[in-house]
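Working notes, beginning with the structure itself.
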Amino acid sequence: QKEVEQNSGPLSVPEGAIASLNCTYSDRGSQSFFWYRQYSGKSPELIMSIYSNGDKEDGRFTAQLNKASQYVSLLIRDSQPSDSATYLCAVTIGTYKYIFGTGTRLKVLA
Amino acid sequence: EPEVTQTPSHQVTQMGQEVILRCVPISNHLYFYWYRQILGQKVEFLVSFYNNEISEKSEIFDDQFSVERPDGSNFTLKIRSTKLEDSAMYFCASSPTSGGADTQYFGPGTRLTVL
């Protein structure tokens, strides 16, 4: 069974701090990796995609991928109360199948 | 900005009844997906669809489920003989290309309640 593991949280950080979210995956063949944000009762919204080892930055968000360790992370700089949500890690299994983790609930305290 | 739409937003049905959930993917997208999310649980892949056929399906997607693209715009998920445990949020998604090479865009979801 291919799995994506995340700490369910909640992860609480003060406003303005860096939030660090982590994800591990079991399928060494996974090629594509995604971070989604999901507000309660809403659909997942893509934040970042990453396909190769290293860092990828987009505004306040940085995704990090280490395929050897089967590890993906997301850093959120200058966290805002509006960043409070559940963050979902997703990876591809083969070409057409996406597996999501259970998500990490982030709370940014004003 | 183009978006994926889903109807209805909420569907209530009796156990054993058939339901059809509808999705209109973004118009130039080629790959379509259905996911479900039971309350408080993770988003689960059901099926992917390309070129009028299923590309991949999960263990959840058994004979009770079927998908169809009946015309050039709609993408449907049919659940035959619904069970209580089918109660969940069902999300449709679409992408221009496959396999993570491009982004999946999610619709707002249909909440299915089976009584």
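Order of the sequence lines sets the chain letters (A, B, ...), proteins ahead of strands, with each chain counted from 1.
Closest approach of B:K57 to A:K97, counting heavy atoms only: O-NZ, 4.5 Å.
For an aromatic pair to be called close, the ring centres must be under 6.0 Å apart, and B:F49 with B:F75 satisfies this.
Using a 4.5 Å cut-off between heavy atoms, B:Y35 contacts chain A through its side chain alone, with no backbone atom that close. Contacts between B:F106 and chain A at a heavy-atom distance below 4.5 Å involve backbone atoms as well as side-chain atoms. Contact of B:E59 with chain A is made through the side chain alone, with heavy-atom distances under 4.5 Å. Of the two parts of A:K42, only the backbone, made up of N, CA, C and O, holds a non-hydrogen atom closer than 4.5 Å to a non-hydrogen atom of chain B. In this structure, no portion of A:E45 lies under 4.5 Å from any heavy atom of chain B. With a 4.5 angstrom heavy-atom cutoff, A:Y36 touches chain B only via side-chain atoms.
Here the options are B:F91, B:F45, B:Y33, B:W34, the test is ring-ring contact (aromatic ring centres under 6.0 Å, His included), and the partner is A:Y98; only B:Y33 passes. Here the options are A:Y71, A:F33, A:F100, the test is ring-ring contact (aromatic ring centres under 6.0 Å, His included), and the partner is A:Y25; only A:F33 passes. For the side-chain contact (heavy atoms from CB on, under 4.5 Å) test with A:D27, the passing option among A:I93, A:T92, A:V4, A:V91 is A:I93; the others fail.
Ranked by heavy-atom pairs under 4.5 Å with chain B, the list A:G41, A:P44, A:S8 is led by A:P44.
Under the 4.5 Å side-chain criterion, counting only non-hydrogen atoms from C-beta, A:K56 is in contact with A:M48.
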